[in-house]
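Heads up, the thing below is written out as structure tokens.
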Amino acid sequence: MSNQHMPLWEVFIRPRNGLDHKHAGSIHASDSEMALQAARDVYTRREEGNSIWVVRSSDIVASDPDKASENFDPAGDKVYRHPSFYDIPDEVGHM
Amino acid sequence: MYSQGLIGADSQTEETEEFLAAFQQRIDREEKIEPNDPMPAGYRKTLIRQIGQHAHSEIVGMLPEGNWITRAPTLRRKLALLAKVQDEGGHGLYLYSAAETLGVSREQMTEELLSGKAKYSSIFNYPTPTWADMGAIGWLVDGAAIMNQVPLCRCSFGPYARAMVRVCKEESFHQRQGYELMSALANGAPEQMQMAQDALDRWWWPSLMMFGPSDSDSAHSDQNMKWKIKRFSNDELRQKFIDATVPQAEHIGLKMPDPDLKWNPEKNKGQGGYDFGEIDWSEFWRVVKGGGPMNRDRIAARTKAWEDGAWVRKAALAHAEKRRQRQETSKEAAE
């Protein structure tokens, strides 16, 4: 058995033009070409998309989940960020 | 696509009560747990084992059907079987990748399967001697798996739930092609009818065992329900499967191999359901622990595939490394 690990790649698929690529899962492959091929075989057997991105999992930099509450504070006190904070006369209509 | 009640779960954990309570509150609020979130060691361990077993079941599950691809009676049946077996390989890979987010490596999982440390669904340790077995597997084994898997789409662990959504979408064709195949045989010549009945006789009880031990004997079931790794008990799912499947058998004129099977209008809170005979759990444990007719064959086939592929993996890695070095040299030369 080989002890050398096959690199892990994250797979992103665009379901059709006009939409974003979305994370679908991961795949093991020795290089980018193999990764694309494996991603196609594993994640697009039923018209799931028309474009694939693969990126080495080790190249992804992620935010710290422990800091999620401070990083992604809902900012409930910053009401001025919302359109309803501002008074517009009714006569002006929809804005 | 195949799952089975978790075999040999050990969901013990040793964290502070505050931590466990906070985690439980997240679960109770139906928040999904994502890979980098803090989680009890027992939760992680249970999921690694369950997703691993599930993935292994998909991979080993390719073998009993792969056995018949070259001998499918028509091109239509052959295409369906090929597509189904390919799906199972894909499902195994989705699941391995979900398990890997918890910090276990693919190599480690493969080694545990081959060494016998990790289990897979006991159903694949039964042989497939006739073509009707392809029908019985699709109809019953995939049918039982769907019962198990649909609630797993709402599992508290995000990557597992997402993999299950993908799997369930692809699964329904597996069961339908199996039932159609059985139906064709059951409506065919007397010999074909006999072949279908024989397959049902052999697969019915092992399919019921796929839901795992009875709730009263399933020690860790409670904790897994609390953590919302599973949503229904083994016995509830088994009952649902029986109630759904018995009329399907009747419809194509096949007889369930259970003399105690009887409609009971009182069951399921008055909605009615089938009473059924005693399941032979000693057979289940014997097969899980390696004593089934095909255990050795299945692991031998997986080991052979892994070993025969070793040079390919090695060559692919060497090729990638060589290309990387070449690219670096040409970059340096250009600078």
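Below, chain A is the first sequence line, B the second, and so on; all start at residue 1. Bear in mind that the values here come from a model prediction, so they are computed numbers and not experimental data.
- Closest heavy-atom contact between D31(A) and A320(B): CB-CB, 3.9 Å.
- No more than 12 heavy atoms of other residues, nucleotides or ligands sit less than 6.0 Å from atom CD of E47(A).
- Across all their heavy atoms, R166(B) and A24(A) have their closest contact at NH2-O, 3.3 Å.
- Residue E321(B): no heavy atom, backbone or side chain, is found under 4.5 Å from chain A.
- No more than 12 heavy atoms of other residues, nucleotides or ligands shown are found within 6.0 angstrom of CZ on R176(B).
- Taking all atoms of both residues into account, the shortest heavy-atom contact from E33(A) to R323(B) is OE1-NH1, 3.5 Å.
- Within 6.0 Å of CZ in R81(A) there are 12 or fewer heavy atoms belonging to other residues, nucleotides or ligands.
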Item checked: Check against side chain to side chain contact (heavy atoms under 4.5 Å, CB included), R45(A) and E170(B) -> CA-CA 10 Å; R45(A) 288 194 304 284; E170(B) 300 179 351; 2.8 Å; yes
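- Within 6.0 Å of CZ in R324(B) there are more than 12 heavy atoms belonging to other residues, nucleotides or ligands.
- Counting heavy atoms of neighbouring residues, nucleotides and ligands inside a 6.0 Å radius, atom CG of D20(A) does not exceed 12 of them.
- Interatomic distance, S105(B) OG to M6(A) CE, rounded to the nearest 0.5 Å: 13.0 Å.
- Atoms NZ and CD, from K169(B) and E48(A) in turn, are 7.5 Å apart once rounded to the nearest 0.5 Å.
- In terms of heavy-atom pairs under 4.5 angstrom with chain A, the leader among N36(B), T101(B), D87(B), L93(B) is D87(B).
- Residue D66(A) touches chain B through its side chain alone, counting heavy-atom pairs closer than 4.5 Å.
- In the displayed structure, E17(B) atom CD is contacted under 6.0 Å by at most 12 heavy atoms of other residues, nucleotides or ligands.
- Counting all heavy atoms, side chain and backbone alike, L317(B) lies closest to S30(A) at N-CB, 3.9 Å.
- Side chains of E100(B) and H28(A) form a contact here, defined as non-hydrogen atoms less than 4.5 Å apart.
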